[in-house]
Amino acid sequence: MPKKWLSEILSINKEKWMCGRFAQVIKYQDLKKMTEELKIKESSEQLELNYNVAPTNIVAAVVAKDDWRYMGFFRWGLIPSWSKKIPEQALINVRSESILEKPSFKTSFLRRRCLIPANGFYEWRKTDKQPFFIKAKGDNLLYLAGIYDAWYGPDGSYIPSLGIITTSANDFIQPLHERMPLLLNPSLYDTWLNPAAQNPQELQLLLTVPSEIELEMYPVSRRVNKPENNDADCLKPIAH
DNA sequence: CCAGACGTTGTT
DNA sequence: GTCTGG
DNA sequence: CCAGACGTTGTT
DNA sequence: GTCTGG
């Protein structure tokens with residue numbers, strides 16, 4: 001029996017998820033800056049450095065309980081609280097356009113919004129699968145808009161999880177992809193994080209505001225393809 | 001009322 | 001949990 | 001998102 | 001191709 005599987009002969013690779021990989025490498029200075037900017041009351045001394053965040057990884061996110069803003073840790077891939085089991089396909093992205101119509105997302109959107117700090121996110125060019133890193137101009141952190149929930153497994157396990165909200169790509173991202181993560185303008189952070197803000201129409205409006213955040217992108221090594229390659233080289237620009 | 005689903009992406 | 005379909 | 005597996009039987 | 005795992 002030859003060791004060739006059908007896939008090697010038929011190999012047709014479909015692109016699937018939009019924002020399917022990002023970087024969360026938040027060192028002391030950035031952590032300090034973020035804590036001030038977002039008025040976080042409780043955080044860690046330091047965060048795990050993840051240059052290549054893949055679905056199901058644990059990520060840090062800013063959330064609020066009443067007036068108390070803190071850093072929480074969540075599995076990337078939303079598990080609705082009522083799920084009987086962990087969804088087979090991780091719900092890593094949430095379409096902003098239909099968020100209020102989806103039972104899996106609606107309540108989390110109305111009551112449990114978060115911001116996921118990221119250095120930037122990875123995107124694979126459709127034509128040649130060349131990976132790119134997309135980040136804010138300069139070295140400012142990006143904050144990806146997300147929603148979270150808490151899930152208790154039948155065995156008593158407790159898993160907080162989140163999903164990243166997506167929207168149609170702006171002119172900058174368009175050449176690469178149709179979709180992009182929702183990047184709120186900083187003036188909207190307060191409302192976004194406020195769990196008392198629960199008006200569906202007002203919240204939905206936040207999803208339609210075009211981002212004013214200036215972005216830049218550059219190609220990176222295909223090493224990033226493999227989630228276990230998790231080091232600074234993932235972020236380095238390579239020659240075109 | 002109960003049963004059953006509950007998601008995204010892109011391409012064809 | 002919440003919504004849709006029968 | 002990409003990577004990697006993808007099967008069965010019974011015997012050692 | 002389809003599914004699971006990270």
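Residue numbering restarts at 1 for every chain, and letters A, B, ... go by the order of the sequence lines.
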Visitor: B:dT9 phosphate, OP1 or OP2: any side-chain N/O from A:H177 under 4.0 angstrom?
Guide: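 Answer no for this pair, as no side-chain N or O of A:H177 is under 4.0 Å from OP1 or OP2.
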Visitor: Could you tell me how far apart A:F109 (CZ) and C:dG1 (P) are, to the nearest whole angstrom?
Guide: 22 Å
Visitor: What's the gap between E:dG5 and B:dG4 when it is taken at their P atoms, as a whole Å value?
Guide: 27 Å
Visitor: Remember a base hit wins even if backbone is also touched, and classify A:E88 as base, sugar-phosphate or nothing at under 4.0 Å, heavy atoms.
Guide: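 Sugar-phosphate contact only - A:E88 comes under 4.0 Å of backbone atoms but never of a base.
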Visitor: Say we look at D:dT9 and E:dT2: how far apart would their P atoms be, to the nearest angstrom?
Guide: 26 Å
Visitor: State whether A:R95 places a side-chain N or O below 4.0 Å from either non-bridging phosphate oxygen (OP1 or OP2) of B:dT9.
Guide: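 The answer is yes; a side-chain N or O of A:R95 sits under 4.0 Å from OP1 or OP2.
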Visitor: Does CG in A:D67 sit with more than 12 non-hydrogen atoms of other residues, nucleotides or ligands closer than 6.0 Å?
Guide: no
Visitor: Taking A:K236 first and then A:D233, would you say they form a salt bridge - that is, a charged N and a carboxylate O separated by under 4.0 Å?
Guide: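 Counted as a salt bridge, because a side-chain N and a carboxylate O are separated by less than 4.0 Å.
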Visitor: Between A:K226 and D:dG4, is there a side-chain N or O to OP1/OP2 distance below 4.0 Å?
Guide: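 Yes, such a contact exists.
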Visitor: Less than 4.0 angstrom from a charged side-chain N to a carboxylate O is my criterion; do A:D128 and A:R125 meet it?
Guide: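 Judged by the 4.0 Å cut-off on N to carboxylate O distance, A:D128 and A:R125 do form a salt bridge.
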Visitor: For A:Q89 and D:dA3, give me the distance from atom CD to atom C1', rounded to whole Å.
Guide: 14 Å
Visitor: Nearest whole angstrom, please: distance from the P of B:dC6 to the CH2 of A:W151.
Guide: 18 Å
Visitor: Can you see if the side chain of A:K102 gets near the phosphate of B:dT8 - specifically, an N or O under 4.0 Å from OP1 or OP2?
Guide: yes
Visitor: Looking at A:F172 and A:E216, what are the two nearest heavy atoms and their distance?
Guide: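 That closest heavy-atom pairing would be CZ-CA, 3.5 Å.
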Visitor: Is A:E37 atom CD crowded by more than 12 heavy atoms from other residues, nucleotides or ligands, each under 6.0 Å away?
Guide: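 Atom CD in A:E37 is packed in, count exceeds 12.
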Visitor: In this structure, how many angstroms lie between the P atom of B:dG10 and the CZ atom of A:R125, rounded?
Guide: 17 Å
Visitor: Centroid distance below 5.5 Å plus an interplanar angle below 30 degrees: do A:W82 and B:dC6 meet both conditions?
Guide: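 A stacking contact exists, since A:W82 sits close and nearly parallel to the base ring of B:dC6.
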Visitor: What's the CG-P distance between A:D128 and D:dC2, to the nearest Å?
Guide: 12 Å
Visitor: With the side chain of A:S104 defined as its heavy atoms from C-beta on, choose the nearest nucleotide among B:dG10, B:dC6, D:dC2.
Guide: B:dC6
Visitor: From CG of A:L110 over to P of C:dT2, roughly how many Å is that when rounded to an integer?
Guide: 10 Å
Visitor: Take A:F132 and A:W124 through the ring-ring contact (aromatic ring centres under 6.0 Å, His included) test and state the conclusion after the steps.
Guide: CA-CA 6 Å; A:F132 284 75; A:W124 280 259; over 10 Å; no
Visitor: Can you give the dot-bracket line for DNA chain D, using ( ) for pairs inside the strand, [ ] for pairs that cross earlier ones, | for pairs with another strand and . for unpaired bases, where Watson-Crick and G-U count if both distances are under 3.5 Å?
Guide: ||||||......
Visitor: Quick one: is A:N93 getting a side-chain N or O under 4.0 Å of the B:dT9 phosphate, OP1 or OP2?
Guide: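 For B:dT9, neither OP1 nor OP2 has a side-chain N or O of A:N93 closer than 4.0 Å.
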Visitor: For atom C1', what is the distance between D:dC6 and B:dC6, given to the nearest Å?
Guide: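 Looking at atom C1' only, D:dC6 and B:dC6 are 29 Å apart.
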Visitor: Counting the atoms with a prime plus P, OP1 and OP2 as sugar-phosphate, which does A:S98 contact under 4.0 Å by heavy atoms, base, sugar-phosphate, or nothing?
Guide: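 If one applies the 4.0 Å heavy-atom cut-off, A:S98 turns out to touch the sugar-phosphate alone, with no base involved.
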Visitor: Does CG in A:D155 sit with more than 12 non-hydrogen atoms of other residues, nucleotides or ligands closer than 6.0 Å?
Guide: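 Atom CG in A:D155 is crowded, with more than 12 foreign heavy atoms closer than 6.0 Å.
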Visitor: Taking OP1 and OP2 of B:dC6, is either one under 4.0 Å from a side-chain nitrogen or oxygen of A:S83?
Guide: no
Visitor: I need the minimum non-hydrogen distance between A:N52 and A:C234, along with the two atoms involved.
Guide: ND2-SG, 4.2 Å
Visitor: For nucleotides 3-6 of chain C, print each protein N/O atom paired with a nucleotide N/O atom at under 3.5 Å, atom names and distance only.
Guide:
from	atom 1	to	atom 2	distance (Å)
C:dC3	OP1	A:K106	NZ	2.9

Visitor: Between A:R179 (CZ) and B:dT11 (P), how many Å, whole number?
Guide: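 Checked: the CZ to P distance equals 14 Å.
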Visitor: Measure the distance from NZ on A:K126 to P on B:dT9 and round it to the nearest whole Å.
Guide: 13 Å
